Each structure stands twice: as structure tokens, then as C-alpha cells.
A.B. asks: 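I'd like to ask some things about the structure below.
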Amino acid sequence: MSRAALLLAAALLSACGSSPAVPTPTATPLATAPAPTPHRVVPRPALRLYAAMATDSAHRTVLLFGGGTQAGDLDDTWTWADGRWTQSEAFPVPPPRGLAGLAEDGAGRVVLFGGEQGGIRTLGDTWLWDGTGWTAAAAGPGPSRRSAVAMGYDAGAHRVVLFGGAGVDGRTADTWLFAGGRWTEARPPSAPPPRSGAAMAYDPVHQQLLLFGGAGASGDLGDTWAWASGSWHMLHPATSPAPRSGAAMAWDASGGRMVLVGGVVAGQPQQDTWLWDGTGWAAASPTVSPPARAFPALAADPSSGTVLLFGGQGAGGALGDGWVWRSGAWATTPA
């Protein structure tokens, strides 16, 4: 008889006035299940493509904003530092968007420009991130509404440089500078042909902004250009990545070289990694590589000296994985 049945029988007999000799059941310790191991939920951005990401040297973080999902565009803000993501709860925030330009300005802020909403509405607003929140910038006359611009910080001249993009009237080839809270159009003697989806990042060793590829009027481009001393100069390396748009580029402090990742070649996302040493391109051969993707978010991480990659458009849609490039090798970030 079970312990519960014995106790019930004793209670009924007691109620009837009887006092039989009921053996006292021996107490059996109840089995104690081991305490479940707490599941630590590590916050991280949801999967997305067309997100904007840039180095924020002033606050030793990487800043990520927005991007697109199947459900719509996003307006969330995340920072990456010391191997972890933190979501900002600051308000107001820029409207949701993908394909925006993002670059630090050397004055303790990160500049966000343009982008598009739902693949339909093109934007031309400017926002500033100061490490804790966003402020809409009254930047005066500036670039026309556009998305998929090439944008980076020219540390030698202490200003943000924006080139090209997909405007309401097609691809553009104008150059704009942002400094002191204002946009100014540059008018260099020569410039790359019109394009959108080009990769651009600053090379501190050779003190120039490097621009590669993009989508042009007749298809994807594979040319390399440098912006220095207020002018564009076409470079002629012996070897180059295949023509592509939607690649991403960042400076690798650990290796002293530029890193270019992914993009679209003949309509297919790419998995290759390329390195620029100041004079030429060379294909890297890491043991493992991030899955093929286009329009990934990529930026140098000032807290670790590595390069951080997040998300992008894979063969099956938006991605949400994170990778770190250090000393010539890729490794996944904590889930």
C-alpha cells in the first residue's frame, strides 16, 4: 500500500472511533531533482540584411543600426564591445531603414545618412550618435536622397566622405564631406563612375580611403580607387577580387591590412575574403569562413583590434550570425 493510501485509511478509522494498530510507515526521502542549470540568454541583434555598422572609436565600440527583415525594416540600435552586444533603449531614434550610410566623424559622434524603407522610399536625413543617444542633425543642404552609399571617415582630413549611391534618379557619382555638423559638396577633378553598393574604408597606414566595386550602369564593377588630399585616384593592382556589389570592407589592425568580405558576383552571394596591403589585393585562405553573403555589416572593433562581421543576405535570406577576423582567421562570436 502506498504512503498516501495508508494515511487515508488511518484517517477514516480514526473518524469511526477505532484505534487499530496501524503500522507507522517509514518515511522515505523524496527524490530531489537537480536544480536546472540557468540558461543565460545573451542578447544579440536579430537576423537582418542591409544593416549599417561602423566603428565608434570615441566610445571603443562598434555601432549597428537598423536593417531589413522579411517583416519590415528595423530601427534598433546595438553596440558591440568586449565580445558582447548591448541594445540601446535611447529615444528618439532614426526612422526604420536599410542600406544607410554610417561612419564616425572624429568628433565623438557617428553619422548616419539616408537609406531606404521597404525598398520603396529613399531617405536623405542625417542623424548623429553621441555614444548614448541619437539626434537629428540640422546639417543644411546636403546629399540628395539616396541609399547604398559608400561612406567612411577620412582620419587624415578629419571629415566623413560620402560617395555615390542609388538616388531617386539613378546611381550617382558625387562626393560629399561632413565636418563640423555640416555637409559640403566636394568637386574633385576626377571621380569614380556612378555606382551604388560599393565598399569603402580608411587605410591608416597609407592615409587614404579605399573604395572597391559596386553596381554600375552596365553591371558590377571591380575597380579600386583611393581618396586622399581631396582627390580621387584610380589604382591599378595586378590582381583584384571579381567585380561585385554589396561587399563590405574594414581595416584589420591585427594584420595591418584592409579586409574585404562577400558581395554579389553574377547574382550569387560570395564567401571569399580579400586583403589589401596598400599596393595590391590577395585572396586569403582561412581554415573556416563565414557562409556566403552580400551586404554584411562589417567594422573594425576598437575594443579588441579585430574586425566584426554580422548578418547580411545569404542564399536563403537574411542572416544573424556573428564572426570575428583576427590575425588571418575567422571565428564565430558567442551565440
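None of the values given here were measured: they were computed from a predicted structure.
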A.B. asks: Test of understanding: with salt bridge (Lys or Arg N to Asp or Glu O under 4.0 Å), list the residues that count as partners of D220, not counting sequence neighbours.
C.D. replies: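 Testing D220 for salt bridge (Lys or Arg N to Asp or Glu O under 4.0 Å), a comparison that skips the adjacent residues, returns none.
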A.B. asks: Would you say the side chains of S57 and E104 form a donor-acceptor pair under 3.5 Å?
C.D. replies: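 Checked: S57/E104 side chains pair up, N/O donor to acceptor below 3.5 Å.
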A.B. asks: For R257, look at atom CZ and say whether over 12 heavy atoms of other residues, nucleotides or ligands are found less than 6.0 Å away.
C.D. replies: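 12 or below, so no.
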A.B. asks: I need the R244 CZ to L221 CG distance, nearest 0.5 Å.
C.D. replies: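 Separation between the atoms: 12.5 Å.
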A.B. asks: Nearest 0.5 Å, what's the CH2-CH2 distance between W276 and W281?
C.D. replies: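 Separation between the atoms: 6.5 Å.
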A.B. asks: May I ask you to test the P296-W323 pair for a side-chain heavy-atom distance under 4.5 Å?
C.D. replies: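 They are not in side-chain contact.
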A.B. asks: Do the side chains of R97 and L112 get nearer than 4.5 Å, heavy atoms only?
C.D. replies: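 Contact flag for L112/R97 side chains = yes.
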A.B. asks: Atom CZ in R60, atom OG1 in T55: separation rounded to 0.5 Å?
C.D. replies: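 The distance works out to 11.5 Å.
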A.B. asks: Going by atom types alone, do T77 and W134 pair a side-chain donor with an acceptor below 3.5 Å?
C.D. replies: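 Note: T77 and W134 side chains meet the donor-acceptor criterion.
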A.B. asks: Can you check whether F163 and W176 have ring centres sitting under 6.0 Å from each other?
C.D. replies: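 No, they do not, as the ring centres are separated by 6.0 Å or more.
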A.B. asks: Is the distance between the ring centroids of F310 and W85 under 6.0 Å?
C.D. replies: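 Yes, ring centres under 6.0 Å apart.
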A.B. asks: What is the distance from atom CG of D154 to atom OG of S229, rounded to the nearest 0.5 Å?
C.D. replies: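 One gets 8.5 Å once the value is rounded to the nearest 0.5 Å.
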A.B. asks: Could you state the interatomic distance from CZ (R195) to CZ (F212), rounded to the nearest 0.5 Å?
C.D. replies: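 Between R195 CZ and F212 CZ, I get 9.5 Å after rounding to 0.5 Å.
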A.B. asks: Is the Y153-Y202 ring centre distance short of 6.0 angstrom?
C.D. replies: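 Aromatic pair excluded; centres sit 6.0 Å or further apart.
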A.B. asks: Output yes when a side-chain donor or acceptor of S190 lies under 3.5 Å from a complementary backbone atom of W232, and no otherwise.
C.D. replies: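 Checked: pair present.
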